[in-house]
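For clarity, every value in this text was computed on a predicted model and none was experimentally measured.
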Amino acid sequence: MTYWTTGEHPGTAERRTGGVLLLIVVAVLAGLIGGAIAAFTTGPVIAHRLVLGEFTKAVHWTACGHDRCAAVEAPLDWEDPGTRAIHLALIEHRATGKRLGTLLVDPGGPGESGVDLVGSSVRNAVTATVARHYDVVGFDPRGVGYSSAVHCGGAAELDRYLYSVLPGTMGSSTWLAADRERARTFAHDCAEHTGALLGHVDTVSAARDMELLRADLGMRRLDYLGYSYGTELGSVYASLYPHHVGRFVLDGAVDIWTPTSTDGVVAQAKGFEGDLRAWARACVRGSESAVVGDATCPFTGTVDHAMSRIRHLLHAADTHPLMASDGRRLDGATLSTAIVNDLYSTTEWPALTTMLRGVAAGDPAKAFHAADAYNGRRSNGKYWDNATEAFTAIGCLDGGADDVTADMRHEAKQLSHAAPTLGPYQAYGDVTCGEWPDGMVASPPPPTHGGQDPVLVIGSTGDPATPYHQAKTLAALFPSGHLVTHVGEGHLAYNYGDECVDDTVDAYLVQGLVPSRDPRCR
């Protein structure tokens, strides 16, 4: 099965991570968090946090490379603050010029590490202008990375969950029975290795943690930059704490209130299908080396013919999986993951060309390389982080599941109709959450309260992961929402080379200026 993230996919942190500096960050955080865990588990349980003003503690920072790191405590269960404590990991890059305040940053996922994002280089998180004027704080939400984290075993357990080739045809009774057993085993592994935390990594709890961080960091209002799933986290915070919303920028918007679950899945599948067609158009023309690369396109003729050939490759991988040198077998699900990995940005299109040429020639190596990058799997078979575990746990608590076989088969037909090539591999995603040990956590009402600072909501017209219509509807929900459109392909727009978007966001964060109308950046 393919489980496509709503934020930067696992593997992005690997490409952005900056070697030695991040190792320093990891070492310092390990010491801080190790001490925090010891203190939290040997000391008394938390019996507060209901009134933040009484219990807020100043963050104790420790140097880590050129930055500062910290671990702060929060209650496991915000509905019962007498439960044991968990820890939240932070990293701060201090302003290099005239300081305006603190900017909290989340890279998305869910499951991506804000500590890694800022720790690798603050320029991966914000522009130089914002880094000059803000202390930029990256944090790992509960369940993620260096914070109290979801764990589901080791590499073998993740390989079994992500790369198993299931018997039978997708959606058949035999296939579904095997998929349910695979999901049940993974859910059991997560419960066994994570414990009580597994039921408390929902977005509402993480948003409450953000309010704690606002208070601990001494911020009157929270200034925040959220990418992709980070926009969902930010908008839930705005719903819960509207009067504490400062300068908010939400890029790659996720609107959890307007669409139904099926609408969102179908829209995402259509988005990736559309980007695949855009790649195929450039590929068969053979004249755009910047996006196709030096390799010869593996397809000829029309775009429709190229898409038909890709469907043939997916079907062939399902019926006769290709064997890799490490013994893994490439089926259609893993091949679709590899394709999606290379559709998040047009800079990956040359790799997609090379990968599909290899698969067409019977070589799965490049496809596994792309799928492994998506899943955060290293070349040695280990995993970079817990992004997959956190993504699954947070998603199941936030979205619940409709794993009724008839309903899933109906959705599969919708997906196949809307996105004939990639859509089928987005179907049956509710199987895992249907086996999850903890039920869905209700979201708050939409963020329609007044009293907020303006909120910039950024959407890209060709964004496959968080389709553009979600940015439009989310911006409309905020009483102070301002839509900023990037006209183009790819996921996310701020700090990705669009000067119009960068200048608009920087003017807001640094000067408090908002555009009088959507600038429609190109």
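With Trp384 as the aromatic partner, Arg377 does not meet the cation-pi criteria of under 6.0 angstrom to the ring centre and within 45 degrees of the ring axis.
Residues Leu233 and Tyr224 have side chains in contact (heavy-atom distance under 4.5 Å, counting atoms from C-beta outward). Contact of the Asp223 side chain with the Leu104 side chain is not registered, since no non-hydrogen atoms from C-beta on lie closer than 4.5 Å. Between Leu225 and Phe248, the closest side-chain pair of non-hydrogen atoms is not below 4.5 Å. Between Leu343 and Trp349 there is a side-chain heavy-atom pair separated by less than 4.5 Å. His87 is not listed as a side-chain neighbour of Glu73, based on a closest heavy-atom distance of 4.5 Å or more. Between Pro141 and Asp106, the closest side-chain pair of non-hydrogen atoms falls below 4.5 Å. Residues Thr62 and Arg68 fail the side-chain proximity criterion, which asks for heavy atoms closer than 4.5 Å. Taking the side chain as every heavy atom from C-beta outward, Ile339 and Leu276 approach each other to under 4.5 Å.
Taking the ring pair (Phe, Tyr, Trp, His ring centres under 6.0 Å) definition, one finds that Phe186 meets it with Tyr161, sequence neighbours left out. Residues meeting the salt bridge (Lys or Arg N to Asp or Glu O under 4.0 Å) test with Arg123, sequence neighbours left out: none. Scored by the salt bridge (Lys or Arg N to Asp or Glu O under 4.0 Å) test, Asp275 finds no partners at all (sequence neighbours excluded). Looking at residues two or more places apart in sequence or on another chain, you find no salt bridge (Lys or Arg N to Asp or Glu O under 4.0 Å) involving Glu499. Residues meeting the salt bridge (Lys or Arg N to Asp or Glu O under 4.0 Å) test with Asp398, sequence neighbours left out: none. Under the ring pair (Phe, Tyr, Trp, His ring centres under 6.0 Å) criterion, Tyr494 pairs with no residue at all, not counting sequence neighbours.
Listed for the Asn386 side chain is a donor-acceptor partner under 3.5 Å among the backbone atoms of Gly145. At least one donor-acceptor pair closer than 3.5 Å links the side chain of Glu273 to the backbone N or O of Leu422. Judged by distance alone, with hydrogens and angles left aside, the side-chain atoms of Asp506 form no donor-acceptor pair with the main-chain N or O of Thr129 at under 3.5 Å. Proximity of a side-chain donor or acceptor of Thr473 to a complementary backbone N or O of Gln470 within less than 3.5 Å is detected. Side-chain N or O atoms of Trp436 include none that pairs as donor or acceptor with a backbone N or O of Thr392 at under 3.5 Å. Checked by atom type and distance alone, the side chain of Arg84 never pairs as donor or acceptor with a backbone atom of Leu76 at under 3.5 Å. At distances below 3.5 Å, at least one donor-acceptor pair connects side-chain atoms of Ser345 with backbone N or O atoms of Thr347. Under the 3.5 Å distance criterion, the side-chain polar atoms of Thr461 are matched with a main-chain donor or acceptor of Gly488.
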Pair Val505-Asp251, side-chain contact (heavy atoms from CB on, under 4.5 Å): steps then yes or no:
CA-CA 10 Å; Val505 172; Asp251 181 12; over 6 Å; no
Carefully, step by step, assess Thr485 and Asp518 under the rule side chain to side chain donor-acceptor pair (under 3.5 Å).
CA-CA 7 Å; Thr485 299; Asp518 182 356; 2.5 Å; yes
Begin from the C-alpha positions of Arg99 and Asp135 and carry the test salt bridge (Lys or Arg N to Asp or Glu O under 4.0 Å) through to its verdict.
CA-CA 7 Å; Arg99 181 183 180 276; Asp135 295 338; 2.5 Å; yes
Give the C-alpha distance, both sets of side-chain angles, the deciding distance and a yes or no for side-chain contact (heavy atoms from CB on, under 4.5 Å) between Leu158 and Glu389.
CA-CA 8 Å; Leu158 277 170; Glu389 294 110 311; 3.8 Å; yes
Please evaluate residues Tyr374 and Tyr344 with respect to the criterion side-chain contact (heavy atoms from CB on, under 4.5 Å), reporting the C-alpha separation (whole Å), side-chain torsions for both, the decisive distance (0.1 Å), and the verdict.
CA-CA 10 Å; Tyr374 184 97; Tyr344 270 82; 3.9 Å; yes
Would you sort out whether Thr258 and Asp255 count as a side chain to side chain donor-acceptor pair (under 3.5 Å), showing the intermediate values?
CA-CA 6 Å; Thr258 303; Asp255 175 9; 2.5 Å; yes
Please walk me through it: do Val136 and Val105 pass side-chain contact (heavy atoms from CB on, under 4.5 Å)?
CA-CA 7 Å; Val136 179; Val105 179; 3.7 Å; yes
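The line from CG of Leu90 to OG of Ser147 is 7.5 Å long, rounded to the nearest 0.5 Å. The distance from atom CD of Glu92 to atom OG1 of Thr102, rounded to the nearest 0.5 Å, is 6.0 Å. Distance check, rounded to the nearest 0.5 Å: CG of Leu213 to CE of Met210 gives 8.0 Å.
Taking all atoms of both residues into account, the shortest heavy-atom contact from Gly119 to Asp67 is CA-OD2, 4.2 Å. The heavy-atom pair separating Ala493 from Asp498 by the smallest distance is O-CB, 4.3 Å.
The aromatic rings of His244 and Tyr241 lie parallel to each other, with less than 30° between the two planes, well short of the 60° mark.
A donor and an acceptor atom, one from each side chain of Ser113 and Asp140, are located under 3.5 Å apart. Side-chain contact of Asp116 with Ser120: a donor-acceptor pair under 3.5 Å is absent, judged by distance alone. Judged purely by distance below 3.5 Å, without hydrogens or angles, the side chains of Tyr425 and Thr337 never pair a donor atom with an acceptor atom. For Asp209 and Trp78, the side-chain atoms include at least one donor-acceptor pair closer than 3.5 Å. Under 3.5 Å, the side chains of Ser205 and Asp202 contain a donor-acceptor pair of N or O atoms.
If you look at Tyr146 and Phe139, their ring centroids are not closer than 6.0 Å.
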